[in-house]
Amino acid sequence: MDPECSQLLPALCAVLADPRQPVADDTCLEKLLDWFKTLTETEPSLLLLQENPSLVELLSHVLKSQDVSSRVLSFSLRLAGMFAAQEDCFQYLQGELLLGLFGEVGPLCWVAWNVPTVRSGWIQGLRSLAQHPSALQFLADSGAIDTIFSLQGDPSLFVASASSQLLVHILALSMQGEAAGYPCLQGGAWPMCAWKIVGHLEESLCATGAPQVTQALNVLTTTFGRCHSPWTEVLWEQLCPLVARLLERATIPAAHSLVDLLLNVARSPVFSSADCGLWGTVTEALNCLSPLQVGPLAVGMLKLQHCPQALRAQALGVLLQLLACVLKATAQAPGPPGWLDRTEGSSLTVDALLSSKAACVGVLCQTLAHLEELHPLPQRPAPWPQEPLLSAAVTVLRLCRGLVAPSSSVGARLCATFAGCVRVQRAALDFLGTLSQGTSPQDLVTQVFAVLLEYLESPDSSPTVLKKAFQATLRWLLSSSTSAGCSNLSPHTLLFLRELFTVLQKRLCSPGWEVRDSALEFLTQLCRHWGGQADFRQVLLASEAPALARQLLQDPESYVRASAVAATGQLSSRGLQAAPKGSEHLQAQQDLLGDLLHILSTDSEGFPRRAVVQVLTEWLKDGHAGVAQDTEQFVATVLQAVSRDLDWEVRVQGLELAQVFLAQTLGQPCCSYAVALPTVTPADRLPTVLRTLCRLRLLDFAFHALLDCDRPVAQKACDLLLYLRDQIDACGGLREVGDSPDLSSVEAALQRWRAGEQGQPLGDMEPEAVLAILRSMDLEGLQSRLAQGSEHVEKSLQSLLQDMLATVGMLENEADCY
């Protein structure tokens, strides 16, 4: 520790020990702990305590005094544990001090123990302390472990969770020396701390109350998730019978925690080749747990590479049980032979599900989500029942809209359960979209497009369901389109598109802004994927969609205006506006450009303005006709608008547009080995390029953005100017362009600019002046400082100590509140 800090530390410790002094806030104490943690990692803790006895005096005072604040007590407990993490320092502090702070006769008897932050500080202090064998002996003798057991049921969830995590840490620390000789544990010869913890877990697993069982399962779940040493196999062999016995109870306690435990054990590499009763317990759990509880276990087993084949088949059958019930109840085709055989479940389970709408909906949505998760995985079950799953998804969607005639009483109950259920519709549409990645027969694909069209047409479809339907439709269109290189869509897809655009036109006129927004996003995606295909263009231009999208630029809702900007920008890029021929086409392009510039200059909301600059940047990249007619005027107009915009994202996107223009104007950077090329060298063009940049006020915009109060803007401007400077240097600078001009006026402008008159333009400058300015700036240094983040400040332990003392009047200087 620096001498200056050592001089300040006694005064601060005295302030913390004095209950009459206003205690520093929690933030300052946390920062102080961070500094001590850094010091103990870089310096010997024992030396630090010996050179600063005021720290031990503070801990001793806290131990003897009953009137310190709860936050100072919590701070002291954590500080003591931090120092005791090193064994020599632990020996230095051992005795009355550590026993008084962490033993069963310590803070537990204090009134402050009722404050959760004190109990949390005690646990965190022990967590830091428990790093070496001496600490383990201390924990075993002091009674601290019994206190940790009691804190597992603490009313504070943070304290309860931290205590369970601490037990896992102590158990793992106890077993570090047993990793190689674990067979000796077969006789129950656990180390003392581990023996206490394992015994406590055994008692908890046998308890009748669900809270104790849950606490034990949570400790075991974390243990098997973190610890993959051989001793965990012995631990599981010892506790597995008790875990399995939980499944025999009439009501299985803590079922979700039990599932988490079984999954972590199965995922552990220790059990990749060993059984240890695990697979039998999982098999029993798949049979005993309720459908809502068993889903995560089933899908977890199916994700494992080393799961036994019989267990995988059982897990898939459990997962598919409700979907099989749906197909049977609606007299749908059952799928490949034997598919329904592995989904045979208890009729009592199905009846129990159907008796509760909430349970049935929950299980179905969970099942669909799990199957969606499994679908892209290489280890998914084979053969994958693509056709039955697709048929089931379509059937569920039709059940929700009452479009299926039930063939049994179960079917009628399913209709009543799913009718109008938005949650089921969203889950089924997500799953339907995922199934687009598989191979399906044409008749089923036709059914898919039919049900999607029904949802897009229905006035009863909620905005969120419509958005899901649009997303699923796009995925199925992508999977059903013809192979790359063909200009025409398949006949089935073309027929569907004609019907789709009729629906899309209605949705673009919907009274709900969310629907109009989703329809515009969908139109944008369609144009992006198929805007170049002749059949698609013909269908699109025969509809009113382009004209309606243009009208929505004036929509009262800003989100819709932003989506309309994106849609019309994409339509225009593809030449898909309402007036596509000859001079009318060019005029339409110019009119749209005017509309977009008007939005950029006048719209009161940021979303549409951001969308405009993004579209204009893409137009500039792609050589859009409306831009190419007068590129310089276009860039000057856009930069003039964005430089005044109050939205930092608009300014960042404006700098992106400026960089695109800069790259296009400079062309490819010249290389030293390209001198023999017969074209005009870039160095000859540089003066003209730089004069153009000055005339368009691009450099003014970039220089002013360097000092922008929003860091992303300054970063982007710095990147742009670095790019310009590097391109100039790569081309050899400004050689042979004439005599250097008088830079005195430019220097004066720069001095005013640096002094704070950034609003003043630098004006027209000669190329040599631009280069002189760029080289006079430490752009790399600025880039490095900006990359540190807006929260980066110069800070030190000395500054923190001074701030904390200044708040109680111990120092004359004001706190700098770093």
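Numbering starts at 1 and runs along the sequence shown.
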Test item: T568 and V615 side chains (from C-beta on) under 4.5 Å apart, heavy atoms: no
I'd like to know if the side chain of R609 reaches the main chain of E649, judged simply by a donor and an acceptor atom lying under 3.5 Å from each other, with no hydrogens or angles considered. no
Using a cut-off of 6.0 Å, state whether more than 12 heavy atoms not belonging to L377 lie near its atom CG. yes
What residue pairs, at least two apart or across chains, pass salt bridge (Lys or Arg N to Asp or Glu O under 4.0 Å) with a residue in residues 427-446? D430-K468
Is there a side-chain contact between L322 and P291 (heavy atoms, below 4.5 Å)? no
Could you pull out all residues at least two apart from S290 that satisfy side-chain hydrogen bond (donor to acceptor under 3.5 Å, both in side chains)? Q293
Hey, are the side chains of S543 and L504 touching, using non-hydrogen atoms and a 4.5 Å cut-off? no
To the nearest 0.5 angstrom, please state how far the CG atom of L389 sits from the OG1 atom of T434. 11.0 Å
According to the ring pair (Phe, Tyr, Trp, His ring centres under 6.0 Å) rule, which pairs have a member within residues 498-532, sequence neighbours left out? F470-F522, F501-F536, W513-Y559
Please tabulate, for side-chain N and O atoms in residues 211-220, each donor-acceptor pair with protein atoms closer than 3.5 Å (sequence neighbours left out).
| unit_1 | atom_1 | unit_2 | atom_2 | d |
| --- | --- | --- | --- | --- |
| T214 | OG1 | A210 | O | 2.8 |
| N218 | OD1 | S257 | OG | 3.4 |
| N218 | ND2 | T214 | O | 3.3 |

Apply the side-chain contact (heavy atoms from CB on, under 4.5 Å) test between L452 and each candidate in L429, L477, L397, V503; give the one that qualifies. L429
Give, for atom CD of Q570 and atom CZ of R528, the distance between the pair rounded to the nearest 0.5 Å. 4.5 Å
Go through the steps to decide whether H228 and T232 satisfy the test side chain to side chain contact (heavy atoms under 4.5 Å, CB included), and finish with yes or no. CA-CA 7 Å; H228 300 145; T232 57; 5.9 Å; no
Grab the two heavy atoms, one from N264 and one from T221, that are nearest each other, plus how far apart they are. ND2-O, 2.7 Å
For Y455, is there any backbone N or O sitting under 3.5 Å from a side-chain donor or acceptor partner on S461? yes
Nearest non-hydrogen partners of V422 and S462, listed with the distance: CG1-OG, 3.9 Å
Test item: S436 and L478 side chains (from C-beta on) under 4.5 Å apart, heavy atoms: no
Are R226 and Q165 linked by a side-chain donor-acceptor pair shorter than 3.5 Å? yes
Looking at side-chain heavy atoms only, is the closest gap between L242 and L201 below 4.5 Å? no
Is there a side-chain contact between L286 and L311, using heavy atoms and a 4.5 Å cut-off? yes
Should we count CD of Q538 as having more than 12 external heavy atoms under 6.0 Å? no
Interatomic spacing from CG in L302 to CD in Q314 - rounded to 0.5 Å: 10.5 Å
Side chain of Q366, backbone of L292: donor and acceptor closer than 3.5 Å? yes
Closest heavy-atom contact between A564 and A549? CB-O, 3.8 Å
Please report the interatomic distance CZ(R561) to CG(D603), rounded to the nearest 0.5 Å. 4.0 Å
Distance, nearest 0.5 Å, that separates CG of L316 from CE of M301: 14.0 Å
If you apply the rule side chain to side chain contact (heavy atoms under 4.5 Å, CB included), what do you find for V270 with V265, and how did you get there? CA-CA 8 Å; V270 175; V265 175; over 6 Å; no
Indicate the atoms forming the closest heavy-atom contact of A469 with L456, along with that distance. CB-CD2, 3.7 Å
Rounded to the nearest 0.5 angstrom, the CG-CG distance for L371 and L320 is 6.0 Å
Would you say C527 and L540 make side-chain contact, with heavy atoms under 4.5 Å? yes
Excluding sequence neighbours, so at least two apart, what forms salt bridge (charged side-chain N to carboxylate O under 4.0 Å, His left out) with D460? none
Classify the side-chain pair T617/Q653 by whether it contains a donor and acceptor separated by less than 3.5 Å. yes
Residues 491-498 side chain polar contacts: donor-acceptor under 3.5 Å, at least two apart:
| unit_1 | atom_1 | unit_2 | atom_2 | d |
| --- | --- | --- | --- | --- |
| T493 | OG1 | S490 | OG | 2.6 |

Can any side-chain N or O of S161 pair as donor or acceptor with the backbone N or O of L157 at less than 3.5 Å? no
Can you check whether L466 reaches S518 side chain to side chain, under 4.5 Å on heavy atoms? no
Nearest non-hydrogen partners of Q386 and S440, listed with the distance: NE2-OG, 3.1 Å
Would R398 and Q447 count as a side chain to side chain contact (heavy atoms under 4.5 Å, CB included) here? Give the steps. CA-CA 11 Å; R398 286 182 169 160; Q447 292 182 41; 4.0 Å; yes
Please evaluate residues V243 and W236 with respect to the criterion side chain to side chain contact (heavy atoms under 4.5 Å, CB included), reporting the C-alpha separation (whole Å), side-chain torsions for both, the decisive distance (0.1 Å), and the verdict. CA-CA 9 Å; V243 173; W236 174 252; 4.2 Å; yes
Would you tell me whether S563 and D517 have side-chain atoms, one donor and one acceptor, within less than 3.5 Å of each other? yes
Can a salt bridge be assigned to the pair K467 and E514 using a cut-off of 4.0 Å between side-chain N and carboxylate O? no
Please confirm whether the backbone N or O of H375 pairs with a side-chain atom of R380, one donor and one acceptor, at under 3.5 Å? yes
Using atom types as modelled and distance alone, determine if a side-chain donor or acceptor of S458 lies under 3.5 Å from a backbone N or O of E454. no
Closest approach of A519 and R507, non-hydrogen atoms and distance? CB-CB, 4.0 Å
